[in-house]
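Quick notes on the structure that follows.
No hydrogens, no waters, no symmetry mates; every other heavy atom, side chains included, goes into these values.
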Amino acid sequence: MNRRKFRHLLFVPVLFVLAVHWLWDGSAAAQESERDRNRDTWQRPGEVFDALGVKPGDRVADIGCGSGYFVFGLAARVGAEGRVYGVDIDPAALDKVRQRKEREQLVQVEAILGESADPRLPGDLDSVLIVDTYHEFREYDQTMRAVFRALKPGGRLVIIDGEGPAGRPRTEYHRLHVIPPEIVREEVAKEGFIFKDNRPGFYDAEYGKKMYFLVFEKPSQTSSPSLIAEDGHTVRETRGNGVQSFQIESAILKEKRRIYIALPASYAQSAPERRYPVTIVLDGEANVPPAAAVSHELSRNGQIPESVIVAIPNTDPFRGRLRDLTPPQKLLRNVVEDLLMEGRGAAAREIYNVLAAGYGAPTDGARLLEQIAEVERRPPPAETVEGLLSTPFPTPEEARNYIGDWVGDVWMNPEEPRRGNLTLQLRVVDGAVVGELIDVAIPDPYRTRRLEYLRVTADGMTYGFMNGMRPRGVLLYEGRLEGDALAGKIRIGGVDFRPPQGMGGRSVNFLLKRVRR
């Protein structure tokens with residue numbers, strides 16, 4: 001056979017193979033492009049980018065980017081001066097991202113091969129996008145911790161995923177390829193993110209999948225308050241390194257305060273990385289000298305470690321001791337929950353902001369903010385604690401049928417024995433009706449409670465007092481008069497109190513009988 005002819009015959013199949021490959025590659029690209037166009041109509045990428053707050057020059061990451069549908073839309077938004085990091089654990093998907101990057105010469109795109117517990121994100125990101133991927137995370141806590149570290153303070157996080165049935169084991173959502181939004185919000189909030197918005201979701205008709213659209217934010221860092229030395233303010237001599245006086249502005253209390261700081265003698269010679277325990281002293285200038293002297297002697301003899309002493313003075317003789325420049329975290333949390341139960345959403349939001357500013361967003365901050373928003377949408381409560389406590393007592397004439405002593409019991413279970421432990425005493429003192437409820441089954445000093453609420457109704461009488469515990473409310477005994485017996489039920493007034501699980505429908509009852517007028 002002619003060698004030239006043989007070489008020609010070899011070349012023809014090679015050309016055919018190349019042509020087939022080119023036709024196949026072009027067809028695949030066309031199909032991919034068609035899918036992207038269809039996705040544009042239901043996924044609304046512009047809205048997603050707006051929620052992320054993406055602008056030219058930003059640094060954005062798309063975790064679970066696949067072949068790069070969002071990556072290249074983001075690349076157009078950030079421009080050549082920005083950066084878009086497409087992150088995936090599938091090398092084949094990232095190869096497609098790299099090929100398109102080279103084909104379109106997009107210097108702002110970078111493909112990152114992540115790991116199951118570490119997306120390997122660069123730092124200083126402006127925003128992060130996670131679409132139809134969160135349900136796949138096995139080590140979701142470690143992954144979201146890495147996202148939190150990578151984001152700038154104030155950076156945005158958008159999570160879009162498929163709605164799923166509640167109550168399944170966490171690992172089952174990997175198989176179902178969906179996850180309930182409540183689980184996502186709870187898990188993401190635990191890593192320090194603040195829930196910002198639940199935007200209108202999407203419907204993927206190709207897979208019959210309904211998707212939600214959640215927006216989170218990394219809290220903005222607040223600068224620490226500065227200590228301003230008061231050189232002209234002196235404190236009587238103490239042991240150790242002396243006492244310094246400072247002014248500090250409290251963002252929480254919105255006022256300037258004076259504090260005193262006593263440093264141990266070794267402080268001036270200590271290395272910068274040394275850490276001292278801190279002792280808090282009340283009554284400021286009066287207590288700091290003896291506290292510093294005692295601390296110095298005990299530490300000198302090896303009985304306690306050296307410590308920094310911080311003394312907080314009272315603002316005036318009548319406001320009492322203030323233990324800290326910021327109210328305790330637990331107290332602020334209780335106030336938020338109490339205000340929600342009182343139906344005061346705006347006030348609850350204000351205290352929540354104080355809590356988040358002082359200690360960072362709580363782990364269940366998303367749930368709390370949702371509760372606050374729900375309460376804010378309600379009409380003002382018809383009954384409040386303050387309103388109940390300000391209700392005028394009846395006049396002696398109006399209460400004439402109830403003046404005297406009543407004895408009886410309180411019970412929840414009808415089978416409970418009746419021992420007559422409860423005594424209600426109503427008297428007229430200096431022309432006004434006063435009352436006490438005495439429960440001999442309760443030890444002093446809680447045995448006797450002065451009535452703070454008393455109202456005569458059309459068919460009986462209601463009396464009560466503050467319950468003295470959380471939830472903060474008025475314990476109301478709502479009774480109906482039948483002959484010489486006053487019977488009824490007890491409830492907590494002024495709050496939206498819901499009994500603990502398992503106690504729903506059970507009521508507390510009381511019965512009092514007149515024994516003396």
Side-chain angles (χ1 to χ4, degrees), residues 182 185-186 189-190 194-195 219 250-255 315 318-391 410 412 437 439 442 445-446 449-455 462-478 489-508:
E182 296 79 14
R185 288 176 58 172
E186 181 179 352
K190 284 181 180 178
I194 298 174
F195 175 70
S250 170
I252 301 299
L253 297 179
K254 297 181 175 61
E255 62 183 34
T315 54
F318 305 104
R319 289 184 61 181
R321 297 182 173 93
L322 296 177
R323 296 178 179 271
D324 199 349
L325 295 175
T326 301
Q329 184 177 11
K330 178 63 175 175
L331 174 62
L332 289 171
R333 175 59 183 257
N334 289 349
V335 172
V336 172
E337 294 175 351
D338 288 351
L339 289 171
L340 287 175
M341 283 190 285
E342 292 180 35
R344 299 164 61 184
R349 183 177 294 277
E350 182 179 348
I351 301 301
Y352 176 88
N353 291 337
V354 172
L355 171 64
Y359 300 96
T363 55
D364 61 344
R367 181 184 64 82
L368 272 178
L369 287 172
E370 185 175 326
Q371 285 182 307
I372 290 170
E374 194 276 325
V375 172
E376 285 177 324
R377 289 191 290 267
R378 298 181 198 165
E383 180 184 80
T384 65
V385 171
E386 287 76 10
L388 290 170
L389 295 179
S390 64
T391 302
V410 170
M412 182 178 291
L437 189 67
D439 190 341
I442 299 177
Y446 308 105
R449 301 295 300 270
R450 181 179 61 85
L451 298 189
E452 297 175 84
Y453 179 88
L454 185 63
R455 186 170 70 91
T462 300
Y463 60 92
F465 40 81
M466 289 295 294
N467 61 347
M469 63 182 70
R470 300 187 62 240
R472 172 183 176 266
V474 182
L475 208 59
L476 295 174
Y477 292 67
E478 298 178 321
K489 299 183 184 299
I490 303 173
R491 70 177 179 90
I492 301 179
V495 295
D496 180 19
F497 173 67
R498 302 180 184 184
Q501 191 172 6
M503 290 184 62
R506 301 181 69 182
S507 60
V508 181

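- Tested against E478, the residues R491, R455, K489 include a single salt bridge (Lys or Arg N to Asp or Glu O under 4.0 Å) partner, R491.
- Closest heavy-atom contact between L368 and P362: CD1-CG, 4.1 Å.
- By the 4.5 Å heavy-atom criterion applied to side chains, L476 and I490 are not counted as neighbours.
- Classification of R378 and E342 as a salt-bridged pair fails, no side-chain N sitting under 4.0 Å from a carboxylate O.
- Across A348 and L340, no two heavy atoms sit closer than the pair CB-CD2, 3.8 Å.
- The aromatic rings of Y463 and Y477 lie parallel to each other, their planes meeting at an angle below 30°, with 60° marking the opposite boundary.
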Derivation and outcome, side chain to side chain contact (heavy atoms under 4.5 Å, CB included), residues L355 and Q329: CA-CA 7 Å; L355 171 64; Q329 184 177 11; 3.7 Å; yes
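- Side chains of R333 and D364 form a contact here, defined as non-hydrogen atoms less than 4.5 Å apart.
- A distance of 10.0 Å separates CD in E350 from CZ in R344, rounded to the nearest 0.5 Å.
- Here the closest non-hydrogen pair linking F465 and R450 is CB-O, 3.6 Å.
- Contact record, I194 with A361: CG1-CB, 3.7 Å, taken as the closest heavy-atom pair.
- V495 and R472 get closest at one heavy-atom pair: CG1-O, 2.8 Å.
- At least one donor-acceptor pair closer than 3.5 Å links the side chain of N467 to the backbone N or O of G473.
- Under the 3.5 Å distance criterion, the side-chain polar atoms of R185 are matched with a main-chain donor or acceptor of A366.
- Closest approach of Y352 and I372 over heavy atoms only: CB-CD1, 3.9 Å.
- Although no hydrogens or angles enter the test, the distance criterion places a donor-acceptor pair under 3.5 Å between the side chain of R449 and the main chain of M466.
- The shortest side-chain heavy-atom distance between E186 and T363 does not fall under the 4.5 Å cut-off.
- We find the CD1-CG distance between I351 and L331 to be 9.0 Å, quoted to the nearest 0.5 Å.
- Separating the OG1 atom in T391 from the CG atom in L389 is a distance of 8.0 Å, to the nearest 0.5 Å.
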